[in-house]
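Before any comments, here is the structure.
Keep in mind that this is a model prediction, so the values were computed, not measured. For reference, positions follow the sequence shown, starting with 1. Read the numbers this way: they start at 1 and go in the same order the structure lists the ligands and their atoms.
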Amino acid sequence: MPVTRDDFPTLQLIDHPLVRHKLTLLRDRATSTKHFKELVDEIAMLMAYEATRDLPLEAVPVDTPLEPATGHLVRGKKLTLVPILRAGLGMVEGILRLIPSARVGHIGLYRDHNTLEPVDYYFKVPGDAAERDFLLLDPMLATGGSACAAVRSLQRAGAQRIRFLCLVAAPEGVRRFAAEHPDVPVLAAALDRELNANGYILPGLGDAGDRLFGTR
Ligand code: PRP
Ligand code: URA
């Protein structure tokens, strides 16, 4: 079960032992690009398992080899994953293995190195946004600028039900995000200590996009 904290009311921490184990390997500067990618994929899948525990079910008849029975299937196919490019892409495949029917939108944003403000360059989500449940994906919630801008874009497109899934969050980012989007829950694997002067999370895991795609 996710852990909640009184001082961060919109935050839910998914601190399952396997998530903590894999996150520790992810933080390690010696972890290779290949292993980093596999770990992001696995952690995202484990987090999605927790994040989807409230999915609505419908009762359906099923014939077992022995007798007719009643089973339960997830109702509807309206879940949409939206990675924030680039690093959010690393979280998509693991979640799709659990929920293959989910659609995938994309939001292109990068953080200006000087101002730390997000610059957006791409947006595409399914047309029926108002009827969909969105899972916004990005490994890092640092200043919160990127996640806030992504939620604004989704809401402009009509999205009403959004959750934000990240691996590592900074207190500064969680507070800013909660102030701008108090109705959007944040699910994170870890709440770290603070941001440094360059807006990097401490202890964090470095630049998630560079480590994922080997561009450093
Ligand atoms: C990283 C990360 C988030 C953003 C978080 O992306 O993946 O999108 O920074 O920082 P913030 O909370 O302060 O906005 P980056 O801007 O490095 O873009 P990239 O993935 O394209 O390299
Ligand atoms: N973006 C990252 O990739 N890492 C950080 O620590 C902060 C922003």
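Where the criterion is an N or O separation shorter than 3.5 Å, residue side chain and backbone included, Tyr110 fails it with respect to ligand 1. Considering backbone and side-chain N/O of Tyr121, none are found under 3.5 Å from N/O of ligand 1. Where the criterion is an N or O separation shorter than 3.5 Å, residue side chain and backbone included, Gly199 fails it with respect to ligand 1. Below 3.5 Å of separation, one finds no N or O of Ile84 facing any N or O of ligand 1.
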Exercise answer: donor-acceptor pairs, residues 171-193 side-chain atoms, under 3.5 Å, sequence neighbours excluded:
{"residue": "Glu172", "atom": "OE2", "partner": "Leu195", "partner atom": "N", "Å": "3.1"}
{"residue": "Glu180", "atom": "OE1", "partner": "Arg152", "partner atom": "NH1", "Å": "2.8"}
{"residue": "His181", "atom": "NE2", "partner": "Cys148", "partner atom": "O", "Å": "3.2"}
{"residue": "Asp192", "atom": "OD1", "partner": "Arg27", "partner atom": "NH2", "Å": "2.8"}
{"residue": "Asp192", "atom": "OD2", "partner": "Arg27", "partner atom": "NH1", "Å": "2.8"}
{"residue": "Asp192", "atom": "OD2", "partner": "Gly204", "partner atom": "N", "Å": "2.8"}

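Annotation for Val60 and His72: closest pair CG2-N, 4.3 Å, computed over non-hydrogen atoms.
For Asp128 (side chain) and Glu131 (main-chain N/O), no donor-acceptor pair under 3.5 Å exists by modelled atom type. A donor-acceptor pair is defined here as one N or O able to donate and one able to accept, closer than 3.5 Å; such a pair exists between the side chain of Ser32 and the backbone of His35. A donor-acceptor distance shorter than 3.5 angstrom exists from the side chain of Arg163 to the backbone of Ala51, with no hydrogens or angles considered.
With sequence neighbours left out, the side-chain hydrogen bond (donor to acceptor under 3.5 Å, both in side chains) criterion links Arg156 to Ser153. Remark: Thr215 engages Arg86, Asp210 in a side-chain hydrogen bond (donor to acceptor under 3.5 Å, both in side chains) (not counting sequence neighbours).
Contacts of ligand 2 (protein heavy-atom distance under 4.0 Å) are Arg111, Met140, Ala142, Gly199, Tyr200, Ile201, Gly206, Asp207, Ala208.
Nearest non-hydrogen protein atom to atom 13 (O) of ligand 1 is Thr143 OG1, 2.6 Å. When only non-hydrogen protein atoms are considered, atom 5 (C) of ligand 1 lies nearest to Met140 O, 3.7 Å. Ser146 OG, 2.6 Å is the protein heavy atom nearest to atom 14 (O) of ligand 1. Scanning the protein heavy atoms around atom 20 (O) of ligand 1, the nearest turns out to be Arg86 N, 3.1 Å. From the protein, the heavy atom lying nearest to atom 17 (O) of ligand 1 is Asp207 OD2, 4.1 Å.
Ligand 1 is approached by Gly144 to a heavy-atom distance shorter than 4.0 Å. Residue contacts with ligand 1: Leu116 is excluded, as none of its non-hydrogen atoms falls under 4.0 Å.
The local environment of CZ in Phe8 is crowded, with over 12 non-hydrogen atoms from other residues, nucleotides or ligands closer than 6.0 Å.
In this model, no donor atom of one side chain and acceptor atom of the other lie less than 3.5 Å apart for Tyr110 and Asp120. In the model, Arg103 has no side-chain atom that pairs as donor or acceptor with a side-chain atom of Thr80 under 3.5 Å.
For atom 1 (C) of ligand 1, the nearest protein heavy atom lies 4.0 Å or farther away.
Side-chain contact check for Val92 versus Val104: some heavy-atom pair is nearer than 4.5 Å. Using a 4.5 Å heavy-atom cutoff, the side chains of Val3 and Ile14 are not in contact. Proximity of His106 to Ile84: side-chain heavy atoms (C-beta onward) are nowhere separated by under 4.5 Å.
With a 4.0 Å heavy-atom cut-off, ligand 1 is reached by the side chain of Asp138 but not by its N, CA, C or O. Looking at Ala142 against ligand 1, both its backbone and its side chain come within 4.0 Å, counting heavy atoms.
Comparing heavy-atom distances from atom 10 (O) of ligand 1 across Arg176, Arg211, Arg111 singles out Arg111 as nearest.
A side chain to side chain contact (heavy atoms under 4.5 Å, CB included) with Met91 holds for exactly one of Leu212, Leu167, Asp41, Leu96; it is Leu167.
Heavy-atom contacts of Ala87 reach the following atoms of ligand 1: 7 (O), 20 (O) (cutoff under 4.0 Å).
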